[in-house]
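Being a predicted model, the structure only gives us computed values, none of them experimental. Counting starts at 1 for both ligands and their atoms, in listed order.
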Amino acid sequence: MTSHTREGAVPWPPEDAAMYRAKGYWEDKPLGAYILDTADHFPDQVALVDGDVRMTYRELTDRMDAAAARLLDLGLRKDDRVLVQLPNCWQFTVLTLACFRSGIVPVMALPAHRQFELSYLAELSESRAIAVRDSIKDFSHQDLANHIAQVTPSMAHVLVSGQVNAGNVDLDALLAPATDPAAARIQLDSIAPAGDDPACFLLSGGTTGLPKLITRTHNDYAYNIKATSVVSNVTAKTVYLGTLPVSHNFPLACPGILGVLFAGGRVVMLPSPEPGKAFATIKNEGVTLSAAVPAVAQRWIEYQQEHDGDQLETLEVLQVGGSRLADEIARKVKPVLGATLQQVFGMAEGLINMTRLDDPDDVICMTQGRPVSEADEIRIVDEAGNDLPDGVPGAILTRGPYTPRGYYKAAEHNLRAFTPDGWYGSGDIVERRPDGNLIVQGRDKDMINRGGEKISAEEIESLVYRLDAVTLAAAVSMPDPVLGEKLCLFVTLKPGAELTLADIQESLRRTGVAAFKIPEKLVVVDEIPTTKVGKINKKQLREDVAHLLQASTSTTHP
Ligand code: OOB
């Protein structure tokens, strides 16, 4: 039996926690302390680069402590939550570290989120502050943040980087260098969070309904970072380029920016993976490691084939994950980009699988690797929950020292996503080869994986039902050559009613839904097929839309 704490997090059973400590996976050391230790070893080494901003480890940790003290001065306290929605920039990193240091818990929103997602996350986490950039590409995140603060009773502060409106807190000033670093350090050491305390809230990628929050503790997240750093061979010489949204677990901690900062390496932040900028940055900074989703890897390969430049000479490893990488693209990574491919099959809920850098080519190109920790437990089971032999695809279940035993405040959903003895079912259909490597064969969850961005079908369907014309709605994935999948919506309509794709898109945009979730194809049908038990037959719909797409490409290109 797992017990639920007052805060809604689900702890590991005491006997497992004791074992994780005894084995040294959990060190009861807060994340901020790891960074302070690194700074003691490499005080003058450059830790963080963002455009013209360069910070050494000493400067980074002084700012971390100063910012942590200023967050406390604002009245924020240990276990208070801050909803963080920042692009990839130095402010994200310093603020996140300052939260770790003070025990304030960042809620890792994505830059693409809008009112619909942010108001939900703010309320669920009872956030006391929100941190944003003033505006990005003509969209005022500051106005949105002020609105979120108005509708969220717990919210006391709006922190803004850039042009700050009256009444909001200047985030750049909050993150400024310390006046008295030693005093801040002593104050913070005395209130340092414990290993079991929450370090951050990550967002689940498209579970049923709205996204769930995943409480990652200092102990479990530190171990996630350390274990993945070993497998990706991160050292003080590593130069990491962060181009995926760094609030996501993959570029944040697998090993990501935190793994590199634990090791004394250098983190370079870019707001987008656009190859022109990314390749120039790789050359200028001597980047050795980066992470991409398959669509980005494909773009980098095409760009390199077109330009044939020498910009990638330092790039040793390119990690690719978030959605399934096609074998034929995997095979091009080394010959075209010159970097070793590391496939990553991970999840915000914990378990990370990776191919090893010295694996044979067939493992690197045809599998999604194996767990990063010897303590990760994996089962592949059939529909009745019976274990399956190697080579037979089934649902993956997992448990381990960095896979929490439940979602935050989601008792009912936890009963479905976790077995009574704590195994998490990610909804992926996986085959285990005899050598232990996993191949992701598909999914048994109602989610669309749009190039690594996860969309819950149910979340979109429930919004579409708000439209008067709609009687039945089903969101399914359709194949896309670049992103792998896109969202297609099937609907039936009331007699005489009409509805276009543009109507739906406009309506969802007005609701304030993140742009990546907006349906890209609409199919109006007289009837939606159902299964024998009366559920919508999504498999049939996926086949239907794939046929429709095939037919339309063959008519346009005879
Ligand atoms: C990563 O995390 P999330 O939480 O956004 O999404 C997890 C889901 C998995 O359950 C699986 O359905 C899918 O994303 N996925 C993959 C995959 N990596 C993730 N499906 C096929 N092949 C892969 N390589 O996506 C994530 C977190 C940490 C590291 C890497 C990815």
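Enumerated by chain and number, the residues approaching ligand 1 to less than 4.0 Å through a heavy atom are G205, H248, N249, F250, C254, G321, G322, S323, R324, V344, F345, G346, M347, A348, I352, Q368, D428, V440, K445, M447, N449, K454.
Side-chain contact, T340 with E316: no donor N or O sits under 3.5 Å from an acceptor N or O.
Aromatic ring centres of Y408 and F201: separated by under 6.0 Å.
The pair E117-K517 meets the salt-bridge criterion, since a charged nitrogen lies less than 4.0 angstrom from a carboxylate oxygen.
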Per-pair distances, 0.1 Å, donor-acceptor, side chain in residues 105-116, under 3.5 Å, sequence neighbours excluded:
from : atom 1 : to   : atom 2 : distance (Å)
H113 : ND1    : L110 : N      : 3.1
R114 : NH1    : P111 : O      : 3.1
Q115 : NE2    : H147 : NE2    : 3.4

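Residues that satisfy the salt bridge (charged side-chain N to carboxylate O under 4.0 Å, His left out) test with D376, not counting sequence neighbours, are absent from this structure. Residues satisfying the salt bridge (charged side-chain N to carboxylate O under 4.0 Å, His left out) test with R433, not counting sequence neighbours, are D362, D435.
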